[in-house]
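One structure below.
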There are 2 protein chains.
Amino acid sequence: MKSDALRGHLDALLLATLDGGQLHGYAIIEALQRRSGGALDLPTGTVYPALRRLETAGLVASEWSTVGGRQRRTYRLTKAGQRALDAERTAWREFTAAIEGVLGGGPWPAQA
Amino acid sequence: MKSDALRGHLDALLLATLDGGQLHGYAIIEALQRRSGGALDLPTGTVYPALRRLETAGLVASEWSTVGGRQRRTYRLTKAGQRALDAERTAWREFTAAIEGVLGGGPWPAQA
DNA sequence: AGGTTATATGTAGGCAAACTACTTAACATC
DNA sequence: GATGTTAAGTAGTTTGCCTACATATAACCT
């Protein structure tokens with residue numbers, strides 16, 4: 001997949017991943033791989049800063065915990081994050097509708 | 001629409017717009033508005049450089065013509081451009097499938 | 001006649017978002 | 001004890017679209 005295609009959709013992906021319950025960053029990356037059928041393999045350098053961004057924006061909240069000597073920062077959706085996710089899903093439908101209107105199924109008749 | 005959402009999909013839009021026949025830049029912008037139901041309103045500073053890029057890449061070809069005293073550069077798909085469009089359509093389907101696998105319809109069951 | 005709007009093409013520079021590459025650290029396994 | 005997996009993070013770069021600007025003709029309005 002063209003790497004830039006995600007632009008502007010990453011937040012939606014992260015929020016949607018947390019919709020099923022809280023997860024830590026590494027688990028989010030694995031969940032994205034699993035749910036996308038292997039198509040998405042986001043590098044940590046993309047995901048961790050993005051989660052911080054979402055936390056600063058108040059859409060997710062995090063807590064540290066230590067599991068087996070390893071540090072985990074576990075993220076969960078806030079209420080604002082839940083609302084943002086709803087908005088992102090709507091925006092996604094509008095986006096795909098617009099693109100598919102153009103991509104269509106092939107050649108297009110001239111304007112009436 | 002979030003302006004950055006198009007990232008990585010602009011070429012597909014431009015190629016698809018030319019799939020119905022040759023058009024000049026200004027007409028391409030109008031066609032994109034019409035086909036997207038008004039959702040897409042690309043600035044000239046986005047479209048003209050992108051068309052040049054596609055021409056350099058050999059995916060479109062252009063010719064100057066003068067209509068009513070105005071200069072028009074009319075673009076058409078090359079064979080390589082047609083092939084690229086086919087590839088873009090396939091990539092689009094894969095892209096949306098991946099995102100929708102994640103966005104899903106709501107909460108997701110834990111891994112089996 | 002003059003002003004505004006629509007048609008038409010283009011350039012220069014900026015900026016945000018994601019990427020690449022790297023670092024750190026504990027534990028598990030070979 | 002070396003390699004691999006789990007886990008989190010930063011620094012700096014690239015990319016590619018956007019904003020703002022510049023130019024020019026034609027059409028329309030007053």
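Owing to the predicted nature of the structure, the values given are computational and were not obtained by experimental measurement.
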- [ ] Provide, to the nearest angstrom, the distance between the CG atom belonging to A:L13 and the P atom belonging to C:dA17.
- [x] 15 Å
Task: Test item: A:L6 and B:I99 side chains (from C-beta on) under 4.5 Å apart, heavy atoms - done: yes
Task: Minimum-distance nucleotide (side-chain atoms of A:L42 versus C:dG10, C:dA26, C:dC19) - done: C:dC19
Task: Rounded interatomic separation in angstrom, taking CD from A:Q33 and P from D:dA7 - done: 13 Å
Task: Gap between atoms CG and P, on B:L6 and D:dG16 respectively (whole Å) - done: 14 Å
- [ ] Give the rounded distance in Å between these two atoms: NE2 of A:H9 and C1' of C:dA16.
- [x] 15 Å
- [ ] Could you check B:R72, B:R76, B:R73 and say which one makes a side-chain hydrogen bond (donor to acceptor under 3.5 Å, both in side chains) with B:S62?
- [x] B:R73
Open item on the list: If I take atom CG in residue B:D41 and atom C1' in nucleotide D:dC17, what distance separates them, rounded to the nearest angstrom?
Closed with: 14 Å
TODO: Write down the distance between CG (A:L23) and P (D:dA8), rounded to a whole number of angstrom.
DONE: 10 Å
Open item on the list: Measuring only between side-chain heavy atoms, which start at C-beta, is A:R53 closer than 4.5 Å to A:L14?
Closed with: no
TODO: Measure from the side-chain heavy atoms of A:R72 and tell me the nearest of C:dT9, D:dG9, D:dA8.
DONE: D:dA8
Task: Contact nearer the 5' end of DNA chain C, comparing A:G69 with B:G25 - done: B:G25
Task: Candidate nucleotides D:dC18, D:dA8, C:dG10, ranked by approach to the side chain of A:Y48 - the nearest - done: D:dA8
- [ ] Hey, which sits more toward the 5' end of DNA chain D by its nearest nucleotide, B:T44 or A:Y26?
- [x] A:Y26
TODO: Using a 4.5 Å cut-off on heavy atoms from C-beta on, say whether the side chain of B:Y26 contacts that of B:R70.
DONE: no
Open item on the list: Once rounded to the nearest 0.5 Å, what's the spacing between atom CG of B:D41 and atom CD of B:E30?
Closed with: 10.5 Å
TODO: Specify the separation, in whole Å, of atom CD of A:Q71 and atom C1' of C:dC27.
DONE: 14 Å
TODO: Establish, with yes or no, whether the OP1 or OP2 oxygen of D:dT15 is under 4.0 angstrom from a side-chain nitrogen or oxygen of B:R7.
DONE: no
Task: Whole angstrom value for the distance that separates C1' of D:dG16 from CG of B:L14 - done: 13 Å
Open item on the list: Of the listed nucleotides (D:dC18, C:dC19, C:dA17), which one gets closest to any side-chain atom of A:R53?
Closed with: C:dA17
Open item on the list: Counting the atoms with a prime plus P, OP1 and OP2 as sugar-phosphate, which does B:G45 contact under 4.0 Å by heavy atoms, base, sugar-phosphate, or nothing?
Closed with: base
Open item on the list: When you measure only distances, ignoring hydrogens and angles, does the side chain of B:R73 come within 3.5 Å of the base of C:dT9 through a donor and an acceptor?
Closed with: no
Task: Proximal nucleotide (of D:dC17, D:dA7, C:dT20) relative to the B:T46 side chain - done: D:dC17
- [ ] Please tell me which of the listed nucleotides, C:dA6, C:dC27, D:dC17, lies nearest to the side chain of A:R70?
- [x] C:dC27
